[in-house]
Amino acid sequence: MNLELQHSRAVQNTSLQITGSKSEANRLLILQALYPQIRIKNISNSDDSELMQKALASNEELVDIHHAGTAMRFLTAYFAAKEGRETVLTGSKRMKERPIKILVDALRQLGAQISYEENEGYPPIRISGKKLEKNTVALQANISSQYISALMLIAPTLPNGLEIILEGKVTSVPYIKMTLSLLKDIQVVGSYADNVIRIPSKKEVTPTTITVESDWSSASYFYSLVALSENSKVTLGSYKEDSYQGDAALAKIYHNFGVQTTYKNDTITLEKTGAANEEWFANEELDLSNSPDIAQTIAVSCFGLGMGCHLTGLHTLKIKETDRLEALKTEIEKLGGMVTITDDTLILAPSNSMTSGVTIATYNDHRMAMAFAPLALRTNLCIADAEVVSKSYPDFWEDMKKIGIQLEK
């Protein structure tokens, strides 16, 4: 389904309830499978979380997680430690191109039995679950934090706990801290210092109910809409100021777009209070290594305002649903922008023109569809394969309509 977005002049002041964070939900779903005493509220209704629930409930040998990268990483570790369970874990064509070798090698250090069904280093993989006796593992730190979190989530069920030694500069530290915080919520108190994560063994946990905070990545598109508007106010629930999510950095970043964030009663209100600080964006190298999922939103916001930006710390974007750096460059340049990329940076040149009526390709990537949608406040455009948003935010287009964006299939 392609969606035409008509040039809309304003954003309606409104309140929206955003679905739970899939990052938090998927971690909690693994912990719940390991410790059934856990109950989860405000669980994400994203495709990724539904696929995770389906996989965890399946007794079949073949488990297909389609495009769900988080599920692929977390389930690899989960099934490796599931004694007596034989599993073939597979996914979409793109998933079979996304590397899994670093995690497989780490699990093999612990004694896991995993083999590749097709191409070395890539899904599908065959996992023969067994008791993992070893308690120390080392792996490169500058890789997807999901590999590290996958190990952390199974750590308390291992007989001797787990010590994870991270070699080199650590990427996406907030996601590691999120996993530690969620473990602490179920009374597993780990530590992270000097590139070493230590998590103790814990056979049982006290029954507890955990409420998933709404997704800050999903909130980013409303930050972008407010930034591109003349004056508007949008309230989103349910959020907290002391968030576990690295993408909560949005509040500080979008202050430089003239968007103020107010916290009240588990909601955030975004309000356009002034012009964007073009000088700040012209001089600042914005390091997003701790929150790479908001890079697309920020780049599009800058383009929509005619400003340039220099984003760094983006090396993990090349192994996402698509190569997000290449995809951003291609689609922004279709609209008339100029983008330069390296393996971990994106530089957008300032520009004062925008081509109307362009169709944005989404590359099976939910964030491409949602990041470009706010440009409807600047021009007419079309989003190809718009239903891809269901991966993380199934209600996105309905919420766009509520906020005043005119859509037509």
Side-chain angles (χ1 to χ4, degrees), residues 2 5 7 94 97-98 144 171-172 217 220-221 223-225 227-228 247 249-250 253-254 256-259 275-386 388-389:
N2 290 3
L5 278 59
H7 184 192
R94 172 60 181 166
E97 298 168 351
R98 297 176 70 176
S144 171
T171 296
S172 300
S217 308
S220 74
Y221 314 114
Y223 273 96
S224 188
L225 280 161
L228 293 172
D247 290 345
L250 281 162
I253 293 169
Y254 271 80
N256 295 292
F257 283 104
V259 179
N277 186 344
E278 293 190 44
E279 186 176 337
W280 186 87
F281 281 98
N283 296 317
E284 184 76 13
E285 285 189 18
L286 187 54
D287 183 356
L288 297 177
S289 56
N290 286 334
S291 48
D293 282 345
I294 59 175
Q296 289 146 294
T297 312
I298 292 168
V300 172
S301 295
C302 287
F303 175 68
L305 290 166
M307 307 187 312
C309 63
H310 186 169
L311 310 181
T312 66
L314 307 181
H315 56 282
T316 60
L317 295 193
K318 300 186 77 63
I319 60 168
K320 296 286 187 175
E321 285 79 352
T322 184
D323 181 335
R324 287 180 174 166
L325 290 173
E326 287 286 354
L328 269 173
K329 176 178 169 63
T330 299
E331 301 311 310
I332 289 176
E333 289 184 345
K334 274 189 200 173
L335 288 157
M338 285 184 60
V339 177
T340 304
I341 59 173
T342 68
D343 282 346
D344 68 345
T345 64
L346 181 146
I347 300 173
L348 170 69
S351 62
N352 294 315
S353 62
M354 189 179 301
T355 306
S356 181
V358 167
T359 296
I360 301 297
T362 51
Y363 308 86
N364 289 317
D365 186 348
H366 53 134
R367 300 208 189 282
M368 287 297 291
M370 295 186 285
F372 279 85
L375 289 182
L377 291 178
R378 288 290 186 264
T379 189
N380 296 319
L381 74 159
C382 177
I383 304 293
D385 300 321
V388 73
V389 301

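Just so it is clear, the structure is predicted and the values come from calculations on it, not from any experiment.
- Side-chain contact between Leu305 and Leu228: present, with at least one pair of heavy atoms (C-beta onward) separated by less than 4.5 Å.
- The minimum heavy-atom distance linking Ala295 with Leu317 is given by the pair CB-CD1, 3.9 Å.
- Asn2 CG to Ile360 CD1: the interatomic distance, rounded to the nearest 0.5 Å, is 11.5 Å.
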Practice problem: Determine, stepwise, if the pair Arg378 / Phe303 fulfils side chain to side chain contact (heavy atoms under 4.5 Å, CB included). | Solution: CA-CA 10 Å; Arg378 288 290 186 264; Phe303 175 68; over 6 Å; no
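- The shortest non-hydrogen separation linking Arg324 to Asp293 is NH1-OD1, 3.2 Å.
- Two residues are said to be in side-chain contact when any heavy atoms from C-beta on lie closer than 4.5 Å; Asn256 and Glu284 fail this criterion.
- In this structure, CD in Glu97 is found 11.0 Å from CG in Asp323, a value given to the nearest 0.5 Å.
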Self-check item: Step-by-step side chain to side chain contact (heavy atoms under 4.5 Å, CB included) determination, Arg94 to Asn364
Solution: CA-CA 9 Å; Arg94 172 60 181 166; Asn364 289 317; 5.7 Å; no
Exercise. Show your working on side chain to side chain donor-acceptor pair (under 3.5 Å) between Tyr363 and Glu331 and close with a plain yes or no.
Key: CA-CA 11 Å; Tyr363 308 86; Glu331 301 311 310; 2.4 Å; yes
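- Atoms CD1 and OH, from Ile294 and Tyr254 in turn, are 7.5 Å apart once rounded to the nearest 0.5 Å.
- Among all heavy-atom pairs drawn from Leu225 and Leu377, the shortest one is O-CD1, 3.2 Å.
- Residues Leu250 and Thr297 form no side-chain contact, since every pair of their non-hydrogen atoms from C-beta on lies 4.5 Å or further apart.
- Residues Leu335 and Phe372 have side chains in contact (heavy-atom distance under 4.5 Å, counting atoms from C-beta outward).
- The main-chain N or O of Ala384 is found under 3.5 Å from a side-chain atom of Thr362 such that the two form a donor-acceptor pair.
- Between Thr355 and Lys334 the shortest side-chain heavy-atom distance does not fall below 4.5 Å.
- Taken from CG in Leu325 to CD in Gln296, the straight-line distance is 8.5 Å, to the nearest 0.5 Å.
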Practice problem: Go through the steps to decide whether Val339 and Leu328 satisfy the test side chain to side chain contact (heavy atoms under 4.5 Å, CB included), and finish with yes or no. | Solution: CA-CA 8 Å; Val339 177; Leu328 269 173; 5.8 Å; no
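- Side-chain contact check for Ser144 and Thr316: no donor-acceptor pair (N or O, by modelled atom type) lies under 3.5 Å.
- Each of Thr312, Leu346, Ile253 was checked for a side-chain contact (heavy atoms from CB on, under 4.5 Å) with Leu288, and the lone residue meeting it is Ile253.
- Between the CG atom of Asp385 and the CG atom of Asp365 there is a distance of 11.5 Å, given to the nearest 0.5 Å.
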Practice problem: Begin with the C-alpha distance, continue with both residues' side-chain angles, and end with the deciding distance and a verdict on side chain to side chain contact (heavy atoms under 4.5 Å, CB included) for Ser217 and Arg367. | Solution: CA-CA 9 Å; Ser217 308; Arg367 300 208 189 282; 3.4 Å; yes
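- Pairing each heavy atom of Leu375 with each of Val300, the nearest pair is CG-CG1, 3.6 Å.
- Heavy-atom minimum distance, Thr322 versus Ala327: CG2-CB, 4.1 Å.
- Counting all heavy atoms, side chain and backbone alike, Met368 lies closest to Ala361 at CE-O, 4.1 Å.
- If you take CE on Met338 and CD1 on Ile347, they are separated by 11.0 Å, rounding to the nearest 0.5 Å.
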